[in-house]
Structure formats: C-alpha cells, structure tokens
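Quick note on labels: first sequence line is chain A, next is B, and so on, each numbered from 1.
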Amino acid sequence: MPELPEVETVRRTLYDKVVGRTVAWVEIITPRQIWYPDADTFRAEVEGARFTEIDRRGKYLLFRLGPLTLVGHLRMSGHLFVCDPERPRDKHTHVIYHLDNGTELRYEDQRKFGGFHLLGPQGEGMPPGLAGLGPEPLSDDFTPEVLSRGLQGRRAPVKALLLNQAIVAGLGNIYVDEALFCAGVHPARLGESLTPAEVETLHGCIRTVLARAVEKRGTTFSLYFDGEGQEGDMYDELQVFDRSGQPCPRCGTPIVKLAVAQRGTHVCPTCQTAPEGAVLATRRARPGRRGDSVTVAAEPAKPYNPRGKRKTKGD
DNA sequence: CGTATGCCCTGCGCGC
DNA sequence: TGCGCGCAGGGCATAC
C-alpha cells in the first residue's frame, strides 16, 4: 500500500527517467483508470506534452506538463515505473505513456483502484481529496499546533483522524499504526482526549516514522515497488504493523491486532493503554491466518458495530 | 458540519 | 483438488 514514503520514492526514482521527456503517445488500455477528463480528451492533451517536473502532495504524484498537471494516485496496488518496450506487459497494465526516447512509463494496478486526472492551468478537474489535502507532515507547515487543531473536539478515534488526509497528508494504515505505537497512544482513543503532551509526542513520531521510511525507500508489503522496480527496505523496521503475535520491541508483550475505524490495527497492549473503559471484544481468533487474534476496540459511549455488514442478517 | 457506511476491484487464504 | 466465500483497503459518494 503506497503511502507517503512509497509515493515519494516513486517520485524520486521516476524523476531522471521522465523529466525532460516528451510524451510521444498515450496508450490507454483500461479507460476507466482515466478519471478526468474523458479518455479521448486526456490522450489528446497529454500527447506531445513535455514532463517539466514531478512533485508530490500526500499520496498524489503531480507530473507537471508545462501548464498542465497530470495527477496520479496509486491507491492500494498501483505501480508506476519506466521500462523498455521489450519488457513483457503484466496483465494488469492499464496505461502506457510512450516517451520520446523509446522508453515507457507504465501504470499497472491489480485492483484498478488508482488512476489519473489531468488538471488545466487553473487546476480544473482537481479531485476533492487533493483540493482539501492537509499539510505535508515533513514540512514546516505541520506543527504540533496544526495537529492539535485537527484532533481538537473530534470524537472519532485518533486513528481515523490520522487517516483523514484533510488533517494531515500522506499517512496510511501502516504508518498510522507505527506513529501511534511510537507515541504510546492507543488508536481507539478519541481525538479530543489526547493531552497536549501526547499531541506533541505524536507529532514528532509522525515525522520521525515517515522520515525514516523515506530513508528506507518505503515498505514493501504485498506488492509495492518503486519507479525502477526496486523494493523498499522499511518492512524490517516496522515495530507493530503486520507483527501480531510477535513480541513488542519495547516491552516484549505480544502485539495484538484489533479493528479500529474498520481498519486492521496493530498495537502493543502494554505500551499503548486502551481508553478508559474501552470495549475490547475479541471478534474472532482466525486460526492459521498469520496468527492474528482480531479484537474490536471502541470507546464505551460508541460501541463498535461489526462492519455493519447486514447482508444475510439472521432472517 | 462531523461521523459512519457502502462501493469500487481482485488475489488470496480458508473451509469444505 | 477444486470451488466459493470473505477479507483487505484509499478515497469518494451518500446517509444520517
């Protein structure tokens, strides 16, 4: 799952291979991955344009094409990389930007969740998530005060708030769990319940965790690789994510997997104190499945609703 | 407005 | 061995 560190690594690894190149032609294999405008207009506008810069905001890649901006989002399983045309095409190849030096900028995506927007000079066509994106966590804009304002008075679990890209940009499931562990804050705590000291610590942890992950070129968990096809090295440094049943690196207590905000969530039950009176119900120990013991966590005032899946409800 | 839920999609593990 | 099911998850639309 590409989050800020993975997307930043993709940006860096694509940079020299793409910037300065002109798009000879665009091959759209799966039109539904073109989100804006329609595929024909998109192709017509991009063909002949030259990549002048690659920026990143949160998990969005911003390819500057002179006055236009090609926005890419990898979502869960997207890959963007440059390769030679001889490379066999994966069956999940959806878009190919054929470059003027004969190489190809390919977009592959198993789940077809990701896609592209082409923004006009004034930003027309911008997805709402990009327009409403919160501060870059590694920039000076992101201060403890800014984080505090994002959590202030909010009755959602702090994990849900950190996943909210309007509060802070770029965090996903992996680094939220890591940052909350680093800060010793339980993910089910409500945003409004954090003390100023906890917010300050959490702010520092978000930055430390993300900066380290960028250094390590991201986490390869399931299928991530960067713009050169290389995997990230951060997985081995993860403290809690995907480590359920393994000893906490700080105190040795086995890491537990919970559901918070409908998301798989990893905590050390000793280092991250559950909120006072929290309902901690073991949903089900799924035998054999990576040894997960899945537990549901919620504040007492708002009992957890197991996934709200009312498909074949008892009838 | 803030919060919660369903949807998109497909590979995989699991249970039979 | 093979099939069908449930799960995973980022962002957006929609419902309260």
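- Rounded to whole angstrom, the span from the CD atom of A/Q152 across to the C1' atom of B/dT3 amounts to 18 Å.
- Not less than 6.0 angstrom separates the ring centroid of A/Y97 from the ring centroid of A/F63.
- Of the candidates C/dA8, B/dC8, B/dT3, C/dA8 carries the atom nearest the A/R111 side chain, counting heavy atoms from C-beta on.
- Every residue two or more places apart in sequence or in another chain that forms a disulfide (SG to SG under 2.5 Å) with A/C205 is listed here: A/C182.
- Remark: C1' of B/dC12 and NE2 of A/H92 are 12 Å apart, rounded to the nearest angstrom.
- Within 4.0 Å of A/G264, counting heavy atoms only, lie sugar-phosphate atoms of the nucleic acid but no base atom.
- Note: A/F142 and A/H203 meet the aromatic proximity criterion, with ring centroids under 6.0 Å apart.
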Could you give me the CA-CA distance, side-chain angles and deciding distance for A/L65 and A/L118, then say whether side-chain contact (heavy atoms from CB on, under 4.5 Å) is met? CA-CA 10 Å; A/L65 298 165; A/L118 184 66; 4.2 Å; yes

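- Atom CD in A/E6 sits about 14 Å away from atom P in C/dG9, given to the nearest Å.
- Consecutive Watson-Crick or G-U pairing (both distances under 3.5 Å) extending over three or more pairs maps onto DNA chain C as B:2-16 with C:2-16.
- Straight-line distance from the CD1 atom of A/I167 to the P atom of B/dC1: 15 Å, rounded to whole Å.
- Shown here are the ring pair (Phe, Tyr, Trp, His ring centres under 6.0 Å) partners of A/Y235, two or more places apart in sequence or in another chain: there are none.
- Regarding contacts with the backbone of C/dG9, every side-chain N or O of A/Q262 stays at 4.0 angstrom or more from both OP1 and OP2.
- For A/M76, counting side-chain heavy atoms from C-beta on, the closest listed nucleotide (B/dT3, C/dG9, B/dG11) is C/dG9.
- Counting only heavy atoms from C-beta outward, the side chains of A/Y15 and A/E53 approach each other to under 4.5 Å.
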Can you give me the N/O atom pairs linking the protein to nucleotides 12-16 of chain C at distances under 3.5 Å, or say none if there are none?
| from | atom 1 | to | atom 2 | distance (Å) |
| --- | --- | --- | --- | --- |
| C/dC12 | OP1 | A/Y60 | OH | 3.2 |
| C/dC12 | OP1 | A/G129 | N | 3.2 |
| C/dC12 | OP2 | A/G129 | N | 3.2 |

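- Between the CD atom of A/E3 and the C1' atom of C/dG9 there is a distance of 11 Å, rounded to whole Å.
- Residues passing the ring pair (Phe, Tyr, Trp, His ring centres under 6.0 Å) test with A/H117, sequence neighbours excluded: A/W35.
- For A/K112, no side-chain nitrogen or oxygen approaches OP1 or OP2 of B/dG11 to under 4.0 Å.
- The distance from the CG atom of A/N173 to the CG atom of A/L171 is 10.5 Å, given to the nearest 0.5 Å.
- For the pair A/N164 CG and C/dG11 P, the interatomic distance rounds to 10 Å; values are reported in whole Å.
- Contact annotation: A/H73 side-chain N/O to C/dG11 OP1/OP2 distance is under 4.0 Å.
- Under the ring pair (Phe, Tyr, Trp, His ring centres under 6.0 Å) criterion, A/F81 pairs with A/F225, not counting sequence neighbours.
- The side chain of A/R154 places an N or O atom within less than 4.0 Å of a non-bridging phosphate oxygen (OP1 or OP2) of B/dT3.
- Spacing between atom CG of A/L74 and atom P of B/dC8 amounts to 22 Å, rounded to whole angstrom units.
- One finds a side-chain N or O of A/Q165 lying less than 4.0 angstrom from the OP1 or OP2 phosphate oxygen of C/dG11.
- Each of A/L162, A/L161, A/L163 was scored for a side-chain contact (heavy atoms from CB on, under 4.5 Å) with A/K159, with one residue passing: A/L163.
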